[in-house]
Amino acid sequence: MIRKYLIKELLNKGKFLIDKEVLVEGWIRSFRYSIFITLNDGSTIRNLQIVLSKKLDKIIKKITIGSSIRVIGIVKKSIGIKQYIELQSSDITIYESVDPKILQKSILQPKKHSLEKLREQAHLRFRTNIFSCIMRIRHHIAFCIHKYFHEHDFFYIHTPIITTSNCEGTGKMFQITTMDLKNSKNYTKDFFKCQTYLSVSGQLEAETASLGLGKVYTFGPVFRAENSNTSRHLSEFWMIEPEIAFYHLEENINLAENFLKFIVRYIIDNSIEDLIFLNQCLEKWNQKKKNFLLEKLELILKFPFKQISYTEAIKILDQEEKKKKIKFFHPIIWGMDLQSEHEQYLVDKYFKIPVIIFDYPCRVKAFYMRMNNDGKTVRAMDILFPEIGEIVGGSQREERYDILLQRMKDTNIDINKLWWYLDTRRFGSVPHSGFGLGFDRLVQFITGMNNIRDVIPFPRTPNNAEF
Ligand code: 4AD
Ligand code: MG
């Protein structure tokens, strides 16, 4: 039997396979001089050159761009300088030939298409160089996240997607029901006998797990029905949420920084071909400078992230405004939530490295964050990245029953629904901490894409759930 190879494997093993007969399958990217087929199977950004043998002349008409084929041939050292090996075909089977007239209307037509156009044909964009690069990198990021936690003794916990509570307390949730809401709103008759939603975060459940297993993490989809039509927001996105018992905020911050650096290092080491290709695209399209993407990633690794308290951040922003270095749209007042213009200024203009802001006013943060002795700020931390802004949001959790109960009352959290969460504070409660990393925002940062919709296979955003 002839051995079947992925193009990636074949090209990597190249010189050891010279004169061997092999089988490959893929989609035709180009067909030149009626003899050279460029074949790609998605395993790598690199293509395999197939040389059409004379005896296959009768199928020439069917060899069109986009067509899917199977090739049997002999590996030869290529005369061309672009590739080390090529395949001298002895047999080609065409699975399906694409009509060139249809091809013209699709993003598979080999010419430059905008990323917006690619989104309109999301079902075909896996076949493009740029999107396949992004998807391969997305895979490697997800893989190394599990690797990191596994190697650091974390347990992977599956928290529910259907919940009754709103962990973050703010923002809208998607409701789930099997009832016809036109006829009845009596949720005791609904599927779960109560009102249920798609979860905005697995944190509260992850906390309960950490209070038994020690170090846990979740990695799953979360849903937010906010009408945010920005380049950084999705209605359905993926979040990684580690939760660690006996961890204080400082340890939480260190974990987050080490974890982010590990991921960036891993991707530079394991996805360099795809990164180089993306860098070339960004150079061409956005007039970014040479090696811009790799330099941006190296910057993450080079220095410790800057750590400042919220109060210090406000002071810096206020001083910069007084020095007339910048005029913000939202005035700087202690107690306000930081807006993206403030975050961007601190990261991109002032410090020029990632910034960790901690100890936010309790008023702008969720009910579960641990109250500081000043009674005004909580042990929150946000990590802000260049271009993206907030990439991580986390905190030390309020482990003291009475204080948590009071905070829940003050922020109108339904105690009857979250009785189990409160209960954990009565059975050996301990200091504990965790954070949420926006997976898609991380992929966006690493791939250098301007829009988060271009780093997830099928984006869900307001007014859009096609495909
Ligand atoms: O800051 P957030 O809302 O934090 C939480 O949900 C906590 N429960 C996490 C925890 O402590 N376990 O969200 C965490 C991160 C943000 O920093 C951001 O990167 C990302 O999730 N994120 C979004 N990503 C894409 N689209 C959206 N609409 C997002 N909202 C938040
Ligand atoms: Mg946040």
Side-chain angles (χ1 to χ4, degrees), residues 42 44-45 107-108 111-145 221-222 224 228-240 260 263-268 270-301 340 343-344 347-348 354 383-392 437-462 464 466-467:
T44 163
I45 184 70
I107 55 167
L108 301 180
K111 62 168 200 176
K112 182 175 175 338
H113 303 280
S114 69
L115 291 167
E116 290 79 8
K117 183 98 191 156
L118 259 52
R119 264 176 246 151
E120 287 166 17
Q121 297 179 29
H123 59 303
L124 295 179
R125 67 177 172 165
F126 294 100
R127 202 91 79 72
T128 62
N129 277 333
I130 183 124
F131 198 68
S132 62
C133 260
I134 296 167
M135 286 302 106
R136 282 188 294 267
I137 292 176
R138 190 177 163 105
H139 159 79
H140 284 290
I141 299 174
F143 174 78
C144 78
I145 285 171
V222 291
R224 301 196 179 176
S228 314
N229 242 319
T230 81
S231 58
R232 301 179 312 134
H233 286 88
L234 292 166
S235 313
E236 174 184 285
F237 63 97
W238 288 69
M239 186 151 57
I240 299 106
L260 286 165
I263 300 169
V264 169
R265 176 85 267 154
Y266 185 91
I267 295 304
I268 294 175
N270 290 276
S271 297
I272 194 70
E273 270 179 7
D274 285 329
L275 284 177
I276 289 172
F277 178 82
L278 288 177
N279 205 97
Q280 284 165 355
C281 294
L282 294 168
E283 273 170 40
K284 256 191 271 165
W285 301 347
N286 303 356
Q287 269 97 47
K288 296 278 188 193
K289 67 176 204 283
K290 210 164 185 298
N291 281 337
F292 140 89
L293 194 56
L294 289 169
E295 278 173 20
K296 187 181 88 166
L297 296 179
E298 292 288 352
L299 192 70
I300 300 296
L301 303 175
S340 23
E343 297 179 344
Q344 267 166 19
V347 180
D348 296 327
I383 302 186
L384 315 177
F385 258 27
E387 293 167 6
I388 299 285
E390 184 194 328
I391 196 154
V392 163
L437 165 66
F439 180 67
D440 311 275
R441 282 197 192 165
L442 179 66
V443 181
Q444 191 186 353
F445 175 77
I446 289 178
T447 57
M449 290 296 110
N450 281 330
N451 199 314
I452 199 164
R453 294 169 175 86
D454 296 324
V455 304
I456 183 162
F458 300 106
R460 299 296 180 246
T461 50
N464 176 36
E466 211 181 351
F467 302 103

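Keep in mind that this is a model prediction, so the values were computed, not measured.
Atoms CD and CZ, from E390 and R232 in turn, are 7.5 Å apart once rounded to the nearest 0.5 Å. Between atom CD1 of residue I388 and atom CD of residue E343 there is a gap of 12.0 Å, rounded to the nearest 0.5 Å. Rounded to the nearest 0.5 angstrom, T128 OG1 and K117 NZ are separated by 13.5 Å. We find the CD1-CZ distance between I268 and R265 to be 5.0 Å, quoted to the nearest 0.5 Å. Considering CG of N450 and CG of L282, their distance stands at 8.0 Å, rounded to 0.5 Å. Atom CG of residue D274 and atom CD1 of residue I45 lie 6.0 Å apart, to the nearest 0.5 angstrom.
Checking side-chain atoms of H233 against main-chain N and O of S228 turns up no donor-acceptor pair under 3.5 Å. A donor-acceptor pair under 3.5 Å links the side-chain atoms of R138 to the main chain of V455, judged by distance alone. Although no hydrogens or angles enter the test, the distance criterion places a donor-acceptor pair under 3.5 Å between the side chain of R136 and the main chain of G42. Judged by distance alone, the side chain of N279 and the main-chain N or O of K290 form no donor-acceptor pair under 3.5 Å. Of the possible polar contacts, one joining the K296 side chain to the F445 backbone as a donor-acceptor pair under 3.5 Å is found. Checked by atom type and distance alone, the side chain of R453 never pairs as donor or acceptor with a backbone atom of L234 at under 3.5 Å. The backbone N or O of R460 sits nowhere less than 3.5 Å from a side-chain atom of E236 that would complete a donor-acceptor pair.
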Check the pair F237, I452 against side-chain contact (heavy atoms from CB on, under 4.5 Å), reporting the backbone distance first and the verdict last.
CA-CA 10 Å; F237 63 97; I452 199 164; 5.9 Å; no
Decide side-chain contact (heavy atoms from CB on, under 4.5 Å) for N451 and E116; before the verdict, give the C-alpha distance in whole Å, the side-chain angles of both, and the deciding distance to 0.1 Å.
CA-CA 10 Å; N451 199 314; E116 290 79 8; 6.0 Å; no
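Applying the ring-ring contact (aromatic ring centres under 6.0 Å, His included) rule to F143 yields no partners; only residues at least two apart in sequence or on another chain are considered.
Contact detail for D348 and P386: the closest heavy-atom pair is OD1-CA, 3.3 Å. Nearest heavy-atom pair, P459 versus R125, reported as atom, atom and distance to 0.1 Å: CD-NH2, 3.5 Å. Nearest approach of I130 to M449, heavy atoms of both residues: CD1-CE, 4.1 Å. Across all non-hydrogen atoms, the minimal contact from Y266 to H140 is CE2-O, 3.9 Å.
With a 4.5 Å cut-off on side-chain heavy atoms, I141 and F439 count as touching. Inter-residue side-chain proximity for V392 and L442 is flagged as unmet; no heavy-atom pair is nearer than 4.5 Å. Considering only heavy atoms from C-beta on, I107 stays 4.5 Å or farther from E120 through its side chain. Considering only heavy atoms from C-beta on, I137 comes within 4.5 Å of I267 through its side chain. Inter-residue side-chain proximity for N464 and R119 is flagged as unmet; no heavy-atom pair is nearer than 4.5 Å. Inter-residue side-chain proximity for V443 and W238 is flagged as unmet; no heavy-atom pair is nearer than 4.5 Å. Counting heavy atoms from C-beta on, the side chains of L437 and I383 never come closer than 4.5 Å. Within the 4.5 Å cutoff, side-chain heavy atoms of L275 are placed close to those of L297.
Taking the six-membered ring where tryptophan is involved, the planes of F131 and F126 are perpendicular, since the angle between them exceeds 60° and thus also 30°.
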